[in-house]
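Structure, as structure tokens:
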Amino acid sequence: KSSVAYLQSLGFNVIRMGKDEKSKCEIENVIDYANDFYDELMDFYLIANCKFLIGCESGLTLITPFWGKPILVTNVNVFCYGFESMPTTEYDLYIPKKFYSMKEKRWLNLYEILEISNKCDRYDNNFAKEGIKLIDNTNEEILKATEEMNKKLNKTWVQTKQEEEYMEEYWKIMKNWRVRHKTSITRKKNGALGYEMISMPICFSFLIEHLYLLDIKEQDNGF
């Protein structure tokens, strides 16, 4: 809701997409296309003419970059599966769910998230069996990510030295984990090799508020 208000304040028309939704969109002045106007071909038209799409790990976000349109993916819990044929743009961003270990009573860092995501695939019940509680993104987290996406598209986002350093650490962890894991558990079951990890950057606005993600043990990260 906060993200919608922000976009509307800038003059955007905000459209709620989807299909077979069980509830009406209650946010003021949002076009409830999913319930009132849904059409398969219109999906493609709207995607092709949007500035960017905010969604989750679903069909619409997977096809939007085919039209060269950026995506902001929220509530990500899958890092190591399903990206084999996904196109990308240079402006794509994401924010993950927060992973809380019920056993250790703490938040998981990025390396641990990659490990458990690889093991549990995309099924919530698998995470539950491992004692991992997945926490959805908050209104405020999505708003900050939306602001970051829009500013980066408008080229008004000012990247600081701090952002450069933290993002360098982020990609180092992603790379080191990838190097040490040649075969995806899920893909191996299906007779395939290799990984297609999530390739888009994490929103800095999210990372700076959750720096424990970069708190990696040296033995885990291969340093």
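Model, not experiment: these values are computed from the prediction.
A continuous path of hydrophobic side-chain contacts links I202 to L214 [ILVMFWY only; heavy atoms under 4.5 Å]. W171 and V76 fall within the same hydrophobic cluster, defined by Ile, Leu, Val, Met, Phe, Trp and Tyr side-chain heavy atoms under 4.5 Å apart, directly or through other members. Hydrophobic clustering keeps L134 apart from Y123 (ILVMFWY residues linked when any side-chain heavy atoms are closer than 4.5 Å, directly or through intermediates). Under the 4.5 Å side-chain heavy-atom criterion for grouping Ile, Leu, Val, Met, Phe, Trp and Tyr, L7 is connected to L72 within one hydrophobic cluster. Transitive grouping of hydrophobic side chains (ILVMFWY, heavy atoms separated by less than 4.5 Å) brings M174 and L211 into a common cluster.
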Report task. Show the numbers, then the answer: is there a side chain to side chain contact (heavy atoms under 4.5 Å, CB included) between E165 and K161? Result -> CA-CA 6 Å; E165 293 174 352; K161 183 67 174 178; 3.6 Å; yes
**Report entry** Trace of the side chain to side chain donor-acceptor pair (under 3.5 Å) decision for E147 with W157
**Finding:** CA-CA 9 Å; E147 292 174 337; W157 177 267; over 6 Å; no
Report task. Given side chain to side chain contact (heavy atoms under 4.5 Å, CB included), test K97 with I135 step by step and report yes or no. Result -> CA-CA 6 Å; K97 292 190 177 188; I135 309 298; 5.9 Å; no
**Report entry** Trace of the side chain to side chain contact (heavy atoms under 4.5 Å, CB included) decision for K152 with L93
**Finding:** CA-CA 10 Å; K152 286 183 174 178; L93 293 170; 4.2 Å; yes
Requested in this report: With side chain to side chain contact (heavy atoms under 4.5 Å, CB included) as the test, would you mind laying out the steps for M17 and L46 before giving the verdict?
Outcome: CA-CA 9 Å; M17 298 187 71; L46 291 173; 4.1 Å; yes
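Of the residues listed (I216, L114, I113), the one engaging W177 in a side-chain contact (heavy atoms from CB on, under 4.5 Å) is L114, and it is the only one. Just one residue in the list K144, Q162, Q159, E209 forms a side-chain contact (heavy atoms from CB on, under 4.5 Å) with F204, and that residue is Q162. In summary, of the residues considered (S205, S3, S2), a side-chain hydrogen bond (donor to acceptor under 3.5 Å, both in side chains) with T146 occurs for S3 alone.
Under a 3.5 Å cut-off, the side chain of D32 and the backbone N or O of C25 do form a donor-acceptor pair. No donor-acceptor pair under 3.5 Å is formed between the side chain of D92 and the backbone N or O of P70. Side-chain atoms of N77 do not come within 3.5 Å of backbone N or O of P96 as any donor-acceptor pair. At distances below 3.5 Å, not a single donor-acceptor pair connects side-chain atoms of N118 with backbone N or O atoms of C80. Of the possible polar contacts, none joining the N137 side chain to the T74 backbone as a donor-acceptor pair under 3.5 Å is found.
A 4.5 Å side-chain heavy-atom check between T88 and P65 finds every atom pair outside the cut-off. Side-chain contact between F52 and L153 is present, with heavy atoms from C-beta onward closer than 4.5 Å. With a 4.5 Å cut-off on side-chain heavy atoms, L143 and E141 do not count as touching. Proximity of I132 to Y100: side-chain heavy atoms (C-beta onward) are nowhere separated by under 4.5 Å. For the pair W107/S101, no side-chain contact is recorded, criterion being any heavy-atom separation below 4.5 Å from C-beta on. Contact check for R180 versus Y111: side-chain heavy atoms found under the 4.5 Å cut-off. The side-chain heavy atoms of K69 and L53, taken from C-beta on, include no pair separated by under 4.5 Å. For the pair E169 and K172, the minimum side-chain heavy-atom distance is below 4.5 Å.
The CH2 atom of W67 lies 6.0 Å from the CD1 atom of I47; values are rounded to the nearest 0.5 Å. The distance from atom CE of M167 to atom OG1 of T160, rounded to the nearest 0.5 Å, is 11.0 Å. The structure places CD1 of I95 at 9.5 Å from CD1 of I54, a figure rounded to the nearest 0.5 Å. Annotation: the span from F66 atom CZ to L62 atom CG amounts to 9.0 Å, rounded to 0.5 Å. Once rounded to the nearest 0.5 Å, the distance linking CG of D215 with NE2 of H210 reads 14.5 Å. One distance of note links SG of C50 with CD1 of I15; it measures 8.5 Å at 0.5 Å rounding.
Sorted by first and then second residue, the side-chain hydrogen bond (donor to acceptor under 3.5 Å, both in side chains) pairs with a member in residues 36-56 read K24-D36, Y33-D43, K51-N150, K51-N154; sequence neighbours excluded.
Pairing each heavy atom of L108 with each of E112, the nearest pair is CA-OE1, 3.4 Å. Here the closest non-hydrogen pair linking V14 and Q8 is CG2-CG, 4.0 Å. Shortest non-hydrogen contact noted between M149 and I71 is CE-O, 3.1 Å. Annotation for V73 and C56: closest pair CG1-C, 3.7 Å, computed over non-hydrogen atoms. Shortest non-hydrogen contact noted between I173 and L213 is CD1-O, 4.3 Å. Among all heavy-atom pairs drawn from I27 and K1, the shortest one is CD1-CA, 3.9 Å.
The environment of CZ in F44 is sparse: at most 12 heavy-atom neighbours from other residues, nucleotides or ligands sit within 6.0 Å. Residue-environment remark: CZ (F37) stays at or below the threshold of 12 foreign heavy atoms within 6.0 Å. Heavy-atom neighbours of N125 CG from other residues, nucleotides or ligands within 6.0 Å: above the threshold of 12.
Between R122 and E57 there is no salt bridge, since no side-chain N of the basic residue sits under 4.0 Å from a carboxylate O of the acidic one. We find that K133 and E104 are not joined by a salt bridge, their nearest charged nitrogen and carboxylate oxygen being 4.0 Å or further apart.
Shown here are the side-chain hydrogen bond (donor to acceptor under 3.5 Å, both in side chains) partners of K155, two or more places apart in sequence or in another chain: Y91.
Using bins of under 30°, 30° to 60° and over 60° for the plane-to-plane angle, the ring pair F127/F99 lands in the perpendicular bin.
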